[in-house]
2 protein chains.
Amino acid sequence: MESKPVRLVDIARAAGVSLATASQVMNNSGRIADATRQRVLAAAERLDYRPNALARATASGRSRTIGILAENASGAFCMPVLVGTNRTLSRFNLASVLYDAAHSVDLRHSHFRELQARQVDGIVVIGDGADGVSQSISQEFAGPVAYAFGKSSDPADAVFLPDDEQAGRLAAEHLIGLGRTRLVHVSAEAELATVAGRARGFASALAAHGLQPAHEPIHGTFSRESGFYSARRLIDSGAGFDGIFAGNDAIAVGLAAELQASGRRVPDDVAIVGFDNTAGQAGERELFLTSIDPQLAAVGSRAVEWLVAQLDDDQDASSVVPSVECTLVTGRSTVGGLPTPRSLVLEQLLA
Amino acid sequence: MESKPVRLVDIARAAGVSLATASQVMNNSGRIADATRQRVLAAAERLDYRPNALARATASGRSRTIGILAENASGAFCMPVLVGTNRTLSRFNLASVLYDAAHSVDLRHSHFRELQARQVDGIVVIGDGADGVSQSISQEFAGPVAYAFGKSSDPADAVFLPDDEQAGRLAAEHLIGLGRTRLVHVSAEAELATVAGRARGFASALAAHGLQPAHEPIHGTFSRESGFYSARRLIDSGAGFDGIFAGNDAIAVGLAAELQASGRRVPDDVAIVGFDNTAGQAGERELFLTSIDPQLAAVGSRAVEWLVAQLDDDQDASSVVPSVECTLVTGRSTVGGLPTPRSLVLEQLLA
DNA sequence: CTGAAAGCGCTTACAG
DNA sequence: CTGAAAGCGCTTACAG
């Protein structure tokens, strides 16, 4: 079936040139006569030559491999980022070696050493969420390091995240565009950067439209329970409101449940926008929740683009923007429309 | 920060031995005096030596790297398999380079060539489902190839899948254990191997308990819609039934919805078992659906164990079983129990 | 434009 | 038990 692999010498011999010349042709380096080039290329084609990437790497010092350090690959959000990094990596003809720390700091460190041993040209650290902080390894590593979907302990590092402010603006614009004017933001801990960012964007969009929030932002946690509780607070405050931007989908669902339970119809009385697009990501077709999609694959993609720019000197790394634009997907929670009879039944069932 | 990397010669020099001896110590090969060994190890430790894995690989011909070819990494089921392979890979000190074909046959082929160029010691092909068939590459590749969560076009290949028959028995045993005796299997296309396997296991468990199916197996597709439709057929048949094993969770949910809509209570009147444990995998706590978990991470793990056994001559590859046992997770759809007050609220959500 | 030579960092028979 | 030497397959100055 498979015979002994053909090496560069075989090509050189077949083409009647030296090893050095053959190598230069394969790497598009040096000045080579066009005739020679064609001859070598033809030989490589004919013999189905596959350069040994490992030998090439040890000789050249560049492995064309990127190390990926996932804080927690099993996490719900890691996968899309991973898909994005890999897609872009292969667009640049780069390979990746992936290690999953599964939250273990010890593992993390041994993986890092493995990556060094394997001479990776760069590293992308995939965090476990935009509010998570990964221990910076940039100082210990010779090449560039990108942090995707998670911060780094060193503020100087290149961190790639969804654009929370833009997300907040997007949510506000959507609600305002629907004619809602008495808007509220309900989110998680105010100290979190994502929470602050989304709140800032939301507030700025309101201001830009000359609108006052119907209630000051309500802070809880990223959970359904917090949504229940926040809805109660909002109702008890007596404030009038017709639109809510929730910090994430869990909160949004909690809010929706409690508001409906209190007799307020969603979206007729109150329109709700979530964040994460969890249902959409899971492949649901008819969405209940309008939600902001953080474009996680694009985040991974962006991190790799930056890494590549760092590796290629002819590329300008500073042109790569670290914030990735979010998108909005619409569901019945803002634009309304009847659920199909069937999804009605389903939703009662699965809630 | 980081100085020039320390090489094996540095260790040899520091320990006052030859390069060959140092190498042997690092690889636990040859007979080395204990004193010498200690001296070398100490030097390596002191200088924080990290062997260059690439050089080691080109010299030895073994890269200690496994190639992973994913048919479709974005698929809902690929992730758990991937996590399993990687976990086990790192247990054996192996690295992996991952390529995602995203269903493209062309990509698939160029990725395969990349893997060859990178001198991987083995390959695991991650399919897009137990009924999917991947083009076999075993004949074109020099090392071992494992197919995880997907079949291969060559029946001689090593294929790792969840044990569908056992899953079927598990579902039946669970329902019977709950006192249900009029059982039915509702699944997808009868031609599919997974469907046939689950059906076989289910039927055999019934037989073992001296039970007749309450209705012949109903075949449709792996979708909610098929669940609706099958429920109708079942009801219209006039057959009495108190337990259903559904081919997957989508069907199960469809069944449950239609049965509830027709006035039958789940699980009081009809208990339902699904397959995939989608909600559980998504991290839901209080499950509506009792479901069979295909243990996808274990499938990936098993494939790697086999691969490793093939690579190490001293291991017995034939001891690795290609079928992975499924587990059953219980939800309200069979064991009942009230949803918590909170999920009750949620259920009112869209009522 | 092309080739002979040294080198990347390691491993592996083979003598001794 | 240890070392000198050749080798893995490739790249990269350096002459010419």
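A, B, ... follow the sequence lines: proteins, then strands. Residue 1 opens every chain.
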Gap between atoms [atom1] and [atom2], on [X] and [N] respectively (whole Å):
{"X": "B:Leu54", "N": "D:dC10", "atom1": "CG", "atom2": "P", "value": "14 Å"}
{"X": "B:Asn27", "N": "C:dT11", "atom1": "CG", "atom2": "P", "value": "4 Å"}
{"X": "B:Gln24", "N": "C:dC10", "atom1": "CD", "atom2": "C1'", "value": "13 Å"}
{"X": "A:Arg64", "N": "D:dC10", "atom1": "CZ", "atom2": "P", "value": "16 Å"}
{"X": "A:Ile32", "N": "D:dT12", "atom1": "CD1", "atom2": "P", "value": "13 Å"}
{"X": "B:Arg62", "N": "D:dG9", "atom1": "CZ", "atom2": "P", "value": "16 Å"}
{"X": "A:Arg118", "N": "C:dG9", "atom1": "CZ", "atom2": "P", "value": "18 Å"}
{"X": "B:Leu8", "N": "D:dT2", "atom1": "CG", "atom2": "P", "value": "15 Å"}

**Message:** Regarding B:Thr36, tell me which of base, sugar-phosphate or nothing describes its non-hydrogen contacts under 4.0 Å with the strands shown.
**Reply:** sugar-phosphate
Do the side chains of [X] and [Y] get close enough for a salt bridge, i.e. N-O under 4.0 angstrom?
{"X": "B:Glu325", "Y": "B:Arg302", "value": "no"}
{"X": "B:Arg113", "Y": "A:Asp48", "value": "yes"}
{"X": "A:Glu114", "Y": "B:Arg50", "value": "no"}

**Partner nucleotide, any strand, of D:dA4 [Watson-Crick/G-U, under 3.5 Å]** =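 Across all strands, not a single nucleotide pairs with D:dA4.
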**For C:dA13, the Watson-Crick or wobble counterpart (both distances under 3.5 Å)** = none
**Prompt:** When you measure from every atom of DNA chain C, which of residues 38-52 of chain B have a heavy atom less than 4.0 Å away?
**Reply:**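 Per residue number, the list reads B:Tyr49, B:Pro51, B:Asn52.
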**Complete:** Against the side chain of A:Val17, the closest entry in D:dT11, C:dT12, C:dG3 is C:dG3
**Prompt:** How are the rings of A:Phe160 and A:Trp306 set relative to one another: parallel (under 30°), tilted (30 to 60°) or perpendicular (over 60°)?
**Reply:**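 Ring orientation of A:Phe160 relative to A:Trp306: tilted.
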**OH on B:Tyr147 to CG on B:Asp154, rounded to 0.5 Å** =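 Here the rounded value is 7.5 Å.
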**Item:** Interatomic distance, B:Gln139 atom CD to B:Ser153 atom OG [nearest 0.5 angstrom]
**Value:** 9.5 Å
**Request:** Would you indicate whether the side-chain heavy atoms of A:Val83 and A:Met79 approach each other to under 4.5 Å?
**Result:**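 Side chain of A:Met79 against side chain of A:Val83, heavy atoms only: contact under 4.5 Å found.
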**Item:** Backbone N/O of B:Ala15 and side chain of B:Arg39: donor-acceptor pair under 3.5 Å
**Value:** yes
**Asked** Hey, is the main chain of B:Thr85 close enough, under 3.5 Å, to the side chain of B:Ser301 for a donor-acceptor pair?
**Response** no
What's touching nucleotides 4-8 of chain D from the protein side, N or O pairs under 3.5 Å?
residue : atom : partner : partner atom : Å
D:dC8   : O2   : B:Thr58 : OG1          : 3.3
D:dC8   : O2   : B:Ala59 : N            : 3.4

